[in-house]
Engineer: 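Take this structure first; my questions come after.
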Number of protein chains: 2
Amino acid sequence: MTDEGRRNVRDLRRANRARLLRQLYFHGPLSRQDLIQATGLSSASVSNVVADLLDAGLVVEAGAVESEGGRPRILLRVDTSCFEVIGIDVGETRIRLERFDLGLAELAALDLPVVGGSLDQEAVVAAIAAGLAELRAGAAAPLLGVGIGVPGIVQHQPYAVVHGQTVGWDAFPLEERLREHTGLPLFIDNGATTMAQAEMWFGAGRDADSAVFLLLGSGAGASVIADGAPFRGSTTSAGEWGHLNVQYQGRRCRCGARGCLEAYVGAEAVIARYAEAAEAAGVAGIDAQDEEETLRLILAAAEQEGPAGEPARSVLDETAVRIGVGIANVVNFLNPQRVIIGGWAGLALAPVLLSRIREVVREHALRLPYSLTSVDLGALGADAVARGAATLPVARLLEAGA
Amino acid sequence: MTDEGRRNVRDLRRANRARLLRQLYFHGPLSRQDLIQATGLSSASVSNVVADLLDAGLVVEAGAVESEGGRPRILLRVDTSCFEVIGIDVGETRIRLERFDLGLAELAALDLPVVGGSLDQEAVVAAIAAGLAELRAGAAAPLLGVGIGVPGIVQHQPYAVVHGQTVGWDAFPLEERLREHTGLPLFIDNGATTMAQAEMWFGAGRDADSAVFLLLGSGAGASVIADGAPFRGSTTSAGEWGHLNVQYQGRRCRCGARGCLEAYVGAEAVIARYAEAAEAAGVAGIDAQDEEETLRLILAAAEQEGPAGEPARSVLDETAVRIGVGIANVVNFLNPQRVIIGGWAGLALAPVLLSRIREVVREHALRLPYSLTSVDLGALGADAVARGAATLPVARLLEAGA
DNA sequence: ATGACTTAGTTCGAGACGTGATTTAACCTG
DNA sequence: CAGGTTAAATCACGTCTCGAACTAAGTCAT
């Protein structure tokens with residue numbers, strides 16, 4: 001029982017304004033006639049609501065459609081220059097801040113390395129505060145808010161608190177700490193979720209209203225979008241796709257259990273399995289600087305003809321199989337319109353493995369849901385997390401309609 | 001973008017009426033003052049809306065609260081006798097029809113065996129039509145509608161079509177076929193979903209807003225409740241828990257793939273596995289009339305000391321393990337507040353296996369989500385599917401408020 | 001050019017709703 | 001039976017959406 005219901009006539013107007021604004025934001029310039037169709041409102045109401053939005057400066061006229069014998073339709077569009085937003089990607093090794101206009105076109109960016117191996121909380125707060133100050137300086141329009149994607153579970157109680165096991169954050173009160181430095185509205189969410197949000201708005205998830213985004217990096221996570229909104233479990237930690245059990249008494253996973261998907265498909269697992277396979281086959285191992293480099297070399301090794309490439313091919317094939325089974329599970333259980341593979345390891349592996357992955361999905365998924373699902377790569381690059389974070393204040397604006 | 005938004009003031013009234021009616025339905029007799037608190041409406045509006053509902057006959061006065069010095073509060077309640085509903089559970093071996101009042105108190109029931117091993121479509125239609133006619137005869141109030149829980153995926157296009165891979169239904173146009181026999185509004189949904197709905201309204205899911213219900217019968221399904229509402233995939237076929245792959249290249253499942261959970265945990269699979277194990281151990285097999293009887297005998301066999309009970313014990317232990325792993329997957333991936341085991345086979349097996357199941361879940365689930373989840377039995381008996389089916393017309397009434 | 005025609009967008013009056021203030025109803029206490 | 005107290009109904013007002021009437025801005029045929 002969400003308490004978000006409309007109660008009085010003013011709420012009704014707000015809802016209709018939001019509906020109309022949303023339509024204009026996502027479906028380009030539209031005429032009032034188009035809006036009548038799209039929103040189901042009467043022409044009189046559309047005129048009124050549009051007048052509201054024009055007055056507020058959120059919407060502007062944008063030329064006219066050629067006449068077909070009558071008065072030409074005047075096109076309307078959201079004025080993307082009337083507000084700006086800031087999106088921040090707090091990664092494990094660096095913080096990226098970007099400033100966008102309301103249409104999420106990038107206006108400025110800033111990369112801050114975080115000193116020290118781990119993400120020291122004080123350093124993060126100081127870096128964000130400094131970066132915000134710098135980015136604000138160049139703004140040509142009022143800032144709507146700041147969205148932040150963080151590597152961990154976010155709980156709102158009521159201010160955002162971050163639990164980041166991999167970066168050593170235990171109930172880090174990020175929002176309260178940042179409030180000391182800025183009066184801007186803050187929106188904090190998990191980085192995987194913000195990335196999914198960016199893909200939903202501008203990338204591979206456009207025009208879908210249910211999708212599952214798989215994030216293959218060192219490990220394997222997921223973000224589930226249902227009915228256009230992120231699905232959160234009861235404690236907002238849903239999406240641990242990597243810890244689906246796919247093999248009873250299988251490989252040991254770093255979470256302690258056996259047979260987790262993540263013990264087979266994350267970059268860390270692929271690299272470990274290759275090391276074993278190479279040793280068993282008497283092929284030289286790979287010793288590169290970091291995981292990204294190692295993964296590239298394994299992909300290259302698979303191109304070698306003959307027995308030298310055999311371990312790599314075998315490891316990659318099993319990886320494709322496991323990913324495919326993991327996707328089939330998601331397809332059977334959640335039946336999303338799309339499954340999108342992202343994350344740096346996913347984007348590296350999937351181009352090579354995609355057709356094999358799809359084959360395995362087809363074998364293991366039920367016919368009906370499979371036939372209605374597509375499996376694809378993410379369409380946005382590495383800045384999807386920051387961009388997705390920036391969508392958070394914009395989403396708030398679209399919901400409120402003011 | 002659901003098109004379910006309020007547009008004009010009459011929709012607003014309908015929404016407020018629905019909100020108020022819902023409150024009265026689920027939270028017992030309430031006074032107008034209580035409703036002001038609960039709905040956030042003004043006293044004037046509550047008076048108006050209540051007058052609407054009194055006029056419509058949906059709500060009646062129900063005594064008064066004792067005065068505390070002023071005018072006493074008059075209690076209001078939904079008149080559960082003003083409508084009746086019928087709920088039907090189409091199981092794999094029998095069809096159960098029940099008639100309820102609006103408060104879902106059972107008024108009459110009817111059990112129809114389905115002749116033939118499989119669920120012949122014509123036989124199902126004929127049985128339902130006959131059962132409906134018989135149940136309608138005794139009704140003392142207008143029938144609101146008929147809810148039907150079926151073993152398969154339901155698509156509305158716009159009439160309900162059922163895809164039941166396991167019972168051999170391929171796009172079975174159940175709704176159209178039944179329309180030839182009755183003019184009552186029909187509501188058709190997956191049986192696991194209707195069971196979940198019943199448990200959410202009246203059973204183990206009360207006061208939770210996210211839960212996963214497992215339906216163990218001949219096969220194995222699930223229903224996911226998120227934010228108090230059933231989660232449906234893009235094509236309303238979500239919840240195929242039984243076809244999560246838990247063993248690469250494992251047992252052949254009747255869906256065609258290998259290693260599905262359902263190849264291990266449904267009654268059919270348990271029985272098949274016991275037959276194999278008994279033969280291998282040289283123990284006499286079980287040849288009972290139906291699956292329910294057979295399952296009971298297997299459970300009894302496990303009580304036998306010595307080698308005679310060994311095959312049964314081993315099969316049941318593996319069943320517990322597989323169920324536990326399947327639950328752990330759900331816990332990790334969706335992080336529900338509760339996991340509820342139901343279905344006739346689940347209710348038969350779980351009392352014996354529950355502690356072992358919980359142990360396996362603990363081993364395979366991540367610490368944090370596990371610590372916030374409970375695994376329990378369904379609180380409603382075997383008629384939860386039919387009762388849940390009957391909630392569908394009621395839910396429609398509560399949403400429409402008329 | 002000009003007037004008929006067509007389509008887009010605005011304005012107006014009616015009807016419906018929710019709200020706060022006010023009034024009426026129903027009970028208690030002494 | 002008067003005075004106090006709380007519950008519920010009523011009233012006056014402002015806001016909303018809607019359909020219809022109306023104005024604006026084009027095209028097209030003559």
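Throughout, a chain's letter reflects where its sequence line sits, starting with A, and its residues are numbered from 1. Note that the coordinates shown come from a computational prediction; the quantities given were computed from them, not determined experimentally.
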Engineer: Starting at atom CG of B/D11, determine the distance to atom C1' of C/dG15, rounded to an integer number of angstrom.
Structural biologist: 14 Å
Engineer: To check you understand the geometry: which heavy-atom pair defines the closest contact between B/P142 and B/C82, and what is its length?
Structural biologist: CD-O, 3.6 Å
Engineer: Mapping A/R32 and B/L12 to their closest nucleotides on DNA chain C, which lands nearer the 5' end?
Structural biologist: A/R32
Engineer: Would you please name every residue forming a side chain to side chain donor-acceptor pair (under 3.5 Å) with A/R14, sequence neighbours left out?
Structural biologist: A/D11
Engineer: Taking CG from B/N8 and C1' from D/dC18, how many angstroms apart are they, rounded to a whole number?
Structural biologist: 8 Å
Engineer: How many whole angstroms separate atom CG of B/L76 from atom P of D/dA7?
Structural biologist: 13 Å
Engineer: Using whole Å, report how far CZ of B/R10 lies from P of D/dG19.
Structural biologist: 11 Å
Engineer: For residues A/A18 and A/L398, report the shortest heavy-atom separation together with the two atoms involved.
Structural biologist: CB-O, 3.2 Å
Engineer: Please evaluate residues B/V394 and B/Y25 with respect to the criterion side chain to side chain contact (heavy atoms under 4.5 Å, CB included), reporting the C-alpha separation (whole Å), side-chain torsions for both, the decisive distance (0.1 Å), and the verdict.
Structural biologist: CA-CA 10 Å; B/V394 178; B/Y25 187 85; 3.7 Å; yes
Engineer: On DNA chain D, nearest-nucleotide positions of B/L75 versus A/G40: which is more 5'?
Structural biologist: B/L75
Engineer: Applying side chain to side chain contact (heavy atoms under 4.5 Å, CB included), can you list everything that pairs with B/M195, at least two apart in sequence or on another chain?
Structural biologist: B/F213, B/L215, B/A384, B/V385
Engineer: Let me know the distance between CD1 of B/I36 and P of D/dA7, rounded to the nearest Å.
Structural biologist: 9 Å
Engineer: CG of A/L41 versus C1' of D/dC18: gap in Å, rounded?
Structural biologist: 10 Å
Engineer: Using the test side chain to side chain contact (heavy atoms under 4.5 Å, CB included), find all partners of A/Q37 that sit at least two apart in sequence or belong to another chain.
Structural biologist: none
Engineer: Nearest whole Å is fine: how far is D/dT6 P from B/Q37 CD?
Structural biologist: 14 Å
Engineer: State which residues pass side chain to side chain donor-acceptor pair (under 3.5 Å) with A/D34; sequence neighbours excluded, sorted by chain then number.
Structural biologist: A/S31, A/R73
Engineer: Give, ordered by number, those residues of residues 48-73 of chain B having at least one heavy-atom distance below 4.0 Å to an atom of DNA chain C; if nothing qualifies, reply none.
Structural biologist: B/S67, B/G69, B/G70, B/R71, B/P72
Engineer: For the side chain of A/V9, counting heavy atoms from C-beta on, which of D/dG14, D/dT17, C/dG9 is nearest?
Structural biologist: D/dG14
Engineer: How far apart are the C-alpha atoms of B/R232 and B/D189, what are their side-chain angles, what is the distance that settles it, and do they pass the salt bridge (Lys or Arg N to Asp or Glu O under 4.0 Å) test?
Structural biologist: CA-CA 11 Å; B/R232 304 169 189 284; B/D189 209 333; 3.0 Å; yes
Engineer: Under 3.5 Å, which N/O atoms of the protein pair with N/O atoms of nucleotides 1-3 of chain D?
Structural biologist:
none

Engineer: So, does B/R387 use its side chain to make a donor-acceptor pair with the main chain of B/L104 at under 3.5 Å?
Structural biologist: yes
Engineer: Please name the pair of heavy atoms, one in B/V85 and one in B/D101, separated by the smallest distance, quoted to 0.1 Å.
Structural biologist: CG2-O, 4.0 Å
Engineer: Does A/S47 place a side-chain N or O at less than 4.0 Å from the phosphate oxygens OP1/OP2 of C/dT10?
Structural biologist: yes
Engineer: Distance check needed: D/dC16 C1' versus B/R14 CZ, whole Å only.
Structural biologist: 16 Å
Engineer: Does D/dA8 have its OP1 or OP2 closer than 4.0 Å to a side-chain nitrogen or oxygen of B/S43?
Structural biologist: no
Engineer: Please check the phosphate of C/dT7 (OP1 and OP2 only) for any side-chain N or O of A/Q33 closer than 4.0 Å.
Structural biologist: no
Engineer: For DNA chain D, whose closest nucleotide is more 5', that of A/A44 or that of B/S31?
Structural biologist: B/S31
